[in-house]
**Student:** 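Below are the C-alpha cells for one structure; questions will follow.
Computed over heavy atoms, backbone and side chain alike; hydrogens, waters and symmetry mates excluded.
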Amino acid sequence: MSTSRFMIESVEADRVLVLRGELDIEAGPWLVRAAEDAVAQGWDRLVLDCRQVSFCDSSGLNTLLRLRMVTSRAGVPLVLADPSRSMRHVLRITETDRVLTLTDTLEEALGRRPEEASDSPEPGV
C-alpha cells in the first residue's frame with residue numbers, strides 16, 4: 001500500500017508492517033487499514049518497523065494512538081520498532097512514548113537475539 005509519500009510493506013511471517021516516508025494525514029488511513037487487515041488475519045502481534053519514517057506530524061500521532069486502540073481491543077500487542085530520530089523526537093515531546101511500546105531495534109520487537117538479525121526484514125526488501 002502506498003500514497004505518493006508513504007509506503008507500507010507487510011512482512012507477514014514476522015508480523016511486521018514496514019513503514020517508509022511521511023506519517024501524516026494522507027498516510028494515516030492507509031496504515032489503519034493495513035493494521036485492521038493484520039488484526040483480522042489473526043496476527044498475534046503488530047510490529048511497525050519505523051526505521052524509515054522520515055516525518056510524523058500530529059495526524060501521524062493520532063493514527064498511532066488509533067492503532068493502539070484497534071490492537072488493544074483485539075488483544076494484539078502493538079510495538080513501534082526502532083523509530084527514526086525525528087519520529088522519536090515527536091513521540092518524546094508529546095509524551096506519546098509513554099503510551100506506546102517502543103523498542104530500539106526490530107530484533108528486540110520480534111523477540112530475537114542480535115545474532116538472529118540476519119533473518120529480519122531489511123529495508124527495501
Side-chain angles (χ1 to χ4, degrees):
M1 294 183 180
S2 68
T3 69
S4 60
R5 298 182 319 235
F6 188 75
M7 186 170 132
I8 304 167
E9 176 185 342
S10 175
V11 183
E12 293 182 29
D14 286 320
R15 308 294 202 241
V16 175
L17 295 178
V18 180
L19 311 182
R20 293 185 182 95
E22 299 179 5
L23 182 49
D24 58 14
I25 196 164
E26 287 183 31
W30 291 93
L31 181 52
V32 170
R33 190 170 309 119
E36 289 173 340
D37 289 348
V39 168
Q41 292 171 21
W43 287 22
D44 56 355
R45 70 176 167 218
L46 179 58
V47 174
L48 302 181
D49 179 347
C50 299
R51 293 178 287 185
Q52 297 181 70
V53 174
S54 58
F55 174 80
C56 180
D57 65 6
S58 60
S59 298
L61 288 175
N62 188 38
T63 297
L64 294 173
L65 293 171
R66 182 171 174 201
L67 290 183
R68 183 176 175 267
M69 287 179 18
V70 167
T71 57
S72 180
R73 285 186 192 136
V76 175
L78 173 67
V79 181
L80 278 63
D82 197 6
S84 64
R85 184 179 178 145
S86 63
M87 187 173 182
R88 277 189 189 273
H89 178 72
V90 171
L91 294 169
R92 187 175 50 253
I93 63 172
T94 60
E95 297 187 356
T96 312
D97 60 347
R98 295 180 183 206
V99 177
L100 299 169
T101 302
L102 283 72
T103 63
D104 291 330
T105 66
L106 180 59
E107 292 74 28
E108 181 184 352
L110 296 172
R112 294 182 178 162
R113 295 183 308 272
E115 60 270 15
E116 297 174 296
S118 62
D119 295 334
S120 66
E122 290 296 321
V125 173

**Student:** Are the side chains of L106 and D82 in contact, using a 4.5 Å heavy-atom criterion?
**Tutor:** no
**Student:** In a check of side-chain contact (heavy atoms from CB on, under 4.5 Å) between L48 and each of L31, V79, V53, which one passes?
**Tutor:** L31
**Student:** Could you tell me which non-hydrogen atom of P77 sits nearest to which non-hydrogen atom of G75, and how far apart they are?
**Tutor:** CD-O, 3.8 Å
**Student:** Which pair of non-hydrogen atoms, one from V76 and one from W43, has the smallest distance, and what is that distance?
**Tutor:** CG2-O, 3.4 Å
**Student:** Where do D24 and S59 come nearest, in terms of heavy atoms and distance?
**Tutor:** C-CB, 3.9 Å
**Student:** Report the distance from atom CD1 of I25 to atom OG1 of T63, rounding to the nearest 0.5 Å.
**Tutor:** 8.5 Å
**Student:** Sequence neighbours excluded, which residues qualify as side chain to side chain contact (heavy atoms under 4.5 Å, CB included) partners of R66?
**Tutor:** V32, E36
**Student:** Using side-chain heavy atoms (C-beta onward) and a distance below 4.5 Å, is R68 in contact with L64?
**Tutor:** no
**Student:** To the nearest 0.5 Å, tell me how far L78 CG sits from M69 CE.
**Tutor:** 12.5 Å
**Student:** How close do E22 and A27 get, counting heavy atoms only, and between which atoms?
**Tutor:** O-CB, 3.4 Å
**Student:** Say you draw a straight line from CG of D49 to CG of L80; how long is it, rounded to the nearest 0.5 Å?
**Tutor:** 10.0 Å
**Student:** Go through the structure and list residues passing side chain to side chain contact (heavy atoms under 4.5 Å, CB included) with S86, not counting sequence neighbours.
**Tutor:** S84
**Student:** Looking at side-chain heavy atoms only, is the closest gap between L61 and L91 below 4.5 Å?
**Tutor:** yes
**Student:** Would you compute the distance between atom CG of L65 and atom OG of S72 and round it to the nearest 0.5 angstrom?
**Tutor:** 12.0 Å
**Student:** Output a table of donor-acceptor pairs, distance under 3.5 Å, between side-chain atoms of residues 96-104 and any protein atom two or more places apart or on a different chain; print 'none' if there are none.
**Tutor:**
| from | atom 1 | to | atom 2 | distance (Å) |
| --- | --- | --- | --- | --- |
| T96 | OG1 | T94 | OG1 | 2.6 |
| T103 | OG1 | T105 | O | 2.9 |
| D104 | OD1 | R88 | NH2 | 3.2 |

**Student:** Working to the nearest 0.5 Å, report the span between OG1 of T71 and CG of L67.
**Tutor:** 7.0 Å
**Student:** Using side-chain heavy atoms (C-beta onward) and a distance below 4.5 Å, is M87 in contact with L19?
**Tutor:** no
